[in-house]
Amino acid sequence: PCPGRRQSCAWPGHEEVTVTDPQLVARALVGDALVRVKLLRNRGHVREALALAERHALSWPRQLALKALRADLLVRVRRFDEARALLAEVFAENPAHQSALIALGDLSSVTGRLEAADGAYRAAAQAPGVLGDAPHLVRRHARVLSRLGRADEALAMLDRGIAARLERG
């Protein structure tokens, strides 16, 4: 979006809204792009999701959430060096970026660096403004703890995650 460009949109049951702030328009477009890439990934279309993420990266090369998502996808297709490079870029700007920490945990786990994976998942659970008991994070972390021979700790973590989610409703 260019400065001063107008973006109009409407949702069912709502009036049309015209947004003139280019940063708001850009954030909305990036958000839509991330959702589409994640939907493809979650449906098992990892290579297609990566191709779409790479295309979006041409438009938003500095967007950290997109870099972290691309790193996650690169880990899934076993392009580890590229994933490491993207993660380094994210951590240079935000060392506590939760999605990047999870991707680092995944990278460390699949490459057999289980202690590093444990550390990355612990850091992701403590990242500011996030739920440390998010199911996808708890499952990954518990799996690594189990592989490290710390099954009791893994089970306790899973139990705490379940209890926290039940408490929140």
Side-chain angles (χ1 to χ4, degrees), residues 1-113 116-132 134-141 143-144:
C2 303
R5 182 173 172 189
R6 298 165 63 95
Q7 178 78 19
S8 295
C9 53
W11 292 271
H14 294 85
E15 290 182 34
E16 183 172 316
V17 176
T18 300
V19 179
T20 56
D21 182 341
Q23 289 182 333
L24 288 177
V25 173
R27 270 187 275 180
L29 292 171
V30 170
D32 287 349
L34 291 172
V35 168
R36 288 178 185 177
V37 171
K38 288 177 183 179
L39 282 171
L40 285 169
R41 177 197 62 192
N42 295 346
R43 291 182 178 161
H45 304 287
V46 176
R47 291 190 187 282
E48 189 178 340
L50 179 57
L52 182 58
E54 296 291 349
R55 283 195 304 275
H56 289 314
L58 297 173
S59 298
W60 303 294
R62 297 185 41 80
Q63 220 291 328
L64 296 184
L66 182 56
K67 286 182 183 185
L69 181 54
R70 286 171 51 214
D72 167 66
L73 295 164
L74 288 165
V75 169
R76 291 169 190 248
V77 298
R78 307 187 68 77
R79 290 168 47 188
F80 302 137
D81 290 339
E82 292 171 76
R84 276 187 198 95
L86 276 175
L87 291 172
E89 290 179 26
V90 174
F91 293 135
E93 290 190 48
N94 181 357
H97 194 286
Q98 188 193 39
S99 296
L101 287 164
I102 293 171
L104 177 61
D106 293 348
L107 173 63
S108 300
S109 178
V110 279
T111 57
R113 299 177 55 242
D118 176 31
Y121 292 141
R122 283 185 194 283
Q126 296 169 359
V130 298
L131 289 177
H136 65 283
L137 176 56
V138 170
R139 280 192 309 272
R140 288 172 162 125
H141 196 176
R143 196 173 307 122
V144 164

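One is the number of the first residue; the rest follow in order along the sequence. When reading the values below, keep in mind they use all heavy atoms of this one structure, side chains included, and skip hydrogens, waters and symmetry mates.
- Looking only at side-chain heavy atoms (C-beta outward), Arg78 and Phe80 come within less than 4.5 Å of each other.
- His97 meets the ring pair (Phe, Tyr, Trp, His ring centres under 6.0 Å) test with no other residue; sequence neighbours excluded.
- Every residue meeting the side chain to side chain donor-acceptor pair (under 3.5 Å) condition with Asp81, not counting sequence neighbours, appears here in chain and number order: Arg84.
- Screening residues 40-52 for salt bridge (Lys or Arg N to Asp or Glu O under 4.0 Å) gives Arg41-Asp72 as the qualifying pairs, with residues at least two apart or on separate chains.
- Judged as a side-chain contact (heavy atoms from CB on, under 4.5 Å), and not counting sequence neighbours, the contacts of Pro135 are Arg139, Arg165.
- For the salt bridge (Lys or Arg N to Asp or Glu O under 4.0 Å) condition, the pairs that include at least one residue of residues 93-111, sequence neighbours left out, are Arg62-Glu93, Asp106-Arg140.
- Here Arg55 pairs with Ala51, Leu52 under the side-chain contact (heavy atoms from CB on, under 4.5 Å) rule; sequence neighbours left out.
- By the side-chain contact (heavy atoms from CB on, under 4.5 Å) test, Ala57 pairs with Leu66, Arg70, sequence neighbours left out.
- Closest heavy-atom contact between Trp60 and Ala33: CZ3-CB, 3.8 Å.
- Every residue meeting the side-chain contact (heavy atoms from CB on, under 4.5 Å) condition with Ser108, not counting sequence neighbours, appears here in chain and number order: Leu104, Arg113, Ala116, Ala117.
- Residues satisfying the salt bridge (charged side-chain N to carboxylate O under 4.0 Å, His left out) criterion with Asp118, sequence neighbours excluded, are Arg122, Arg150.
- Not a single side chain to side chain donor-acceptor pair (under 3.5 Å) links Ser99 to another residue, sequence neighbours left out.
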